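What follows is a set of notes on a single structure, which appears directly below.
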Amino acid sequence: MGDLPVRQARAGGRGARRALRAAPDLAMLPASDLAMLPALKRGLPDCAPMSPEEVERLDAASMAILEEVGVVFRDPIALADWKRAGADVRGERVHLDRGLVRALIATIPSGWTYRARNPERSLPFGGRHSIFVPMTGAPFLRDLEDVRRWPTLADLNMFHKLAHMSPALHSTAHHIVEPMDRKVSHRHLHITYSSMKYSDKTFMGMTTSGRNAEDVLQMCEILFGRDAMEETPVTTGNCNGNSPLVWDETMLSAMRAFCRRNQPVLCSPFVLGGANTPASVAPAVAQLNAEALSALAYTQVIRRGCPAIYGHYLSTVSMKSGAPMAGTPEISLMNFMIGQMARFYDVPWRTSNLLGGAKTFDAQAGYESAMTMNAVLHAGANYIWHSAGWNEAGMHCSVAKFVVDAEMCAMGYRMAEGIRWDDFEAGLAAVRDVGPGGHYLGHPHTLENFERAFFLPKLFDNSSIEQWQAEGAVEITERALAHARKLLADYEEPKLDPGIDEALRDYIARREAEIPAEDALNTEY
């Protein structure tokens, strides 16, 4: 299906090829050996800075934290669950024997297939397979005019459309931006519907409370069916810990909702290195690892064998201001270490990508994001979250940065695929044909391979300065916003089945009538 338009364009000559390059390409980037299943299959070796002995040392330190210091579970249901599982529960603090932890995390699947609404966009996940997921949670956006303001539901719809139109983004996430024109207690319903309506890729599910998570999963059942959800994951939740060493009732109740329905959660300590961890890389990772293991183990107390993902949000804190920083060398080192630990336990893992602390889409944002992406890809992460739009430490999602980040993901995708050898002999034959002093620009091998040989960015300008000036001296933010407008103009909605769409709308209407319209989380209704 992906090759046919290329053949047609070649038959039409240079003008048709130019039109093809200008047309949007919606096909998610496929792994070469997986037929039509899209996902990144990493071909580069994973960066492993720790020796086997150092991995064992860090594991032992984390297990000692779980046994001797313990983890607070501020949730009576979780405490009762842990008592039944044989843990040492003292008030709200749970002391976990390393043998119990190892036995529990051993039952987590090492990988699975994410089912998307469009079967051609279902995703192999885990092991060597990785997926790029946009940022979420921004209370502000920089819009199509590059104005920083509060977002609306229409803005969220727009970002879901852009994610749908971006080949290297495998998911639409969920609340890329907060829809401030909807009451907090009702937002999860509209966020979930937007994810389902405007794209047929996989998506994330809101975990802002246990009841909200149950609503999300009911909507997933309407879309996919209960049996399909039992067979394989259709969505992903995120549960953040309160570092150091605390899990609260809100997150744990959402975790239970997802695990009981066989849907994975990211078990994510929220790490601000130096503020809520020791101010040193190795002991910070030892604490983070203990926190993640305690949540991963609890998923298996809830439902043995359910999928779960080793997660974290990772930043370091400026010792000058206390503000979180992005793109620092220590974050890269910690990602490398966490990747090694997740592989040691044979569980898939999540990290954050393309993070920026800059206030605008400037050079700082680019440098920080590039530093982060390179580390994440070499660390071997599976669930690569916050892969488009993140700036100002997550306070805003930038439309311009979103579409450039999506192209950066495509570049990272190509790098992480590794070296291609399929045309090696044909390329060597071209050397013999051209010989000394010639050039390859008109050679059949070049004409056959130029579109795939070297990545051709659409948003980065590589023309001469004279040509750039003649074309208006347009800088990247303006180019990116023009590209975003074109994508939105070309967007075609992947229509929901009318009966499913009606059922989803009816469910939202019923739940809005049942849940008080408050600017507070829905924990009771």
Side-chain angles (χ1 to χ4, degrees), residues 1-47 119-125 127-132 165-170 370 373-374 376-382 384 387 404 406-464 467 483:
M1 186 177 77
D3 290 339
L4 183 58
V6 175
R7 288 196 293 269
Q8 289 173 338
R10 286 176 179 164
R14 182 179 299 174
R17 288 197 297 272
R18 190 182 302 115
L20 173 67
R21 288 193 293 272
D25 181 3
L26 303 184
M28 286 202 298
L29 297 177
S32 59
D33 62 342
L34 285 171
M36 293 304 295
L37 281 182
L40 166 59
K41 186 174 184 182
R42 303 186 314 279
L44 293 178
D46 297 324
C47 183
E120 293 182 358
R121 294 172 184 251
S122 294
L123 299 163
F125 180 79
R128 303 300 301 174
H129 294 112
S130 302
I131 64 175
F132 290 117
M165 299 281 280
S166 301
L169 297 181
H170 300 98
M373 167 171 271
N374 271 281
V376 162
L377 291 176
H378 284 96
N382 302 110
I384 307 177
S387 284
V404 175
E407 183 161 274
M408 283 288 291
C409 287
M411 296 170 72
Y413 187 109
R414 173 64 198 100
M415 182 187 74
E417 278 184 311
I419 301 165
R420 293 171 178 160
W421 293 89
D422 57 333
D423 68 335
F424 184 62
E425 297 302 330
L428 291 179
V431 177
R432 292 178 174 84
D433 292 342
V434 172
H439 70 79
Y440 293 82
L441 294 176
H443 191 276
H445 178 264
T446 303
L447 296 176
E448 181 66 27
N449 287 281
F450 80 95
E451 289 182 296
R452 71 186 290 266
F454 308 111
F455 189 91
L456 296 173
K458 295 180 179 179
L459 297 176
F460 297 158
D461 188 288
N462 294 292
S463 60
S464 68
Q467 182 179 350
H483 180 65

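These numbers come from a predicted model, not from an experiment.
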Is the H443 ring parallel, tilted or perpendicular to the Y440 ring (thresholds 30°, 60°)? tilted
Decide yes or no for [X] and [Y]: does some side-chain heavy atom of the first lie under 4.5 Å from some side-chain heavy atom of the second?
| X | Y | answer |
| --- | --- | --- |
| F454 | R414 | no |
| M373 | S387 | no |
| M408 | F460 | yes |
| I419 | W421 | yes |
| R420 | R452 | yes |
| N462 | P457 | yes |

Quick one about N382 and H129 (side-chain donor to acceptor, distance below 3.5 Å, no hydrogens or angles considered), yes or no? no
Answer with yes or no whether the side chains of H378 and D46 bring together a donor and an acceptor at under 3.5 Å. no
[X] side, atom [atom1]; [Y] side, atom [atom2] - distance, nearest 0.5 Å:
| X | Y | atom1 | atom2 | value |
| --- | --- | --- | --- | --- |
| L169 | I384 | CG | CD1 | 11.0 Å |
| L40 | M415 | CG | CE | 9.5 Å |
| L44 | E417 | CG | CD | 9.5 Å |
| F132 | L377 | CZ | CG | 5.0 Å |

Within the side chain of S130, is there an N or O that forms a donor-acceptor pair under 3.5 Å with the backbone of A381? yes
Taking R128 for the side chain and K41 for the main chain, is one N or O donor matched with an acceptor at less than 3.5 Å? no
Looking only at heavy atoms, what is the nearest atom pair of [X] and [Y], with distance?
| X | Y | value |
| --- | --- | --- |
| G127 | R42 | O-NH2, 3.2 Å |
| E407 | L459 | OE2-N, 3.0 Å |
| A410 | A168 | N-CB, 3.4 Å |
| A39 | H170 | CA-NE2, 3.7 Å |

CA sep, side-chain torsions, deciding dist, call: V434, H439, side chain to side chain contact (heavy atoms under 4.5 Å, CB included): CA-CA 7 Å; V434 172; H439 70 79; 5.7 Å; no
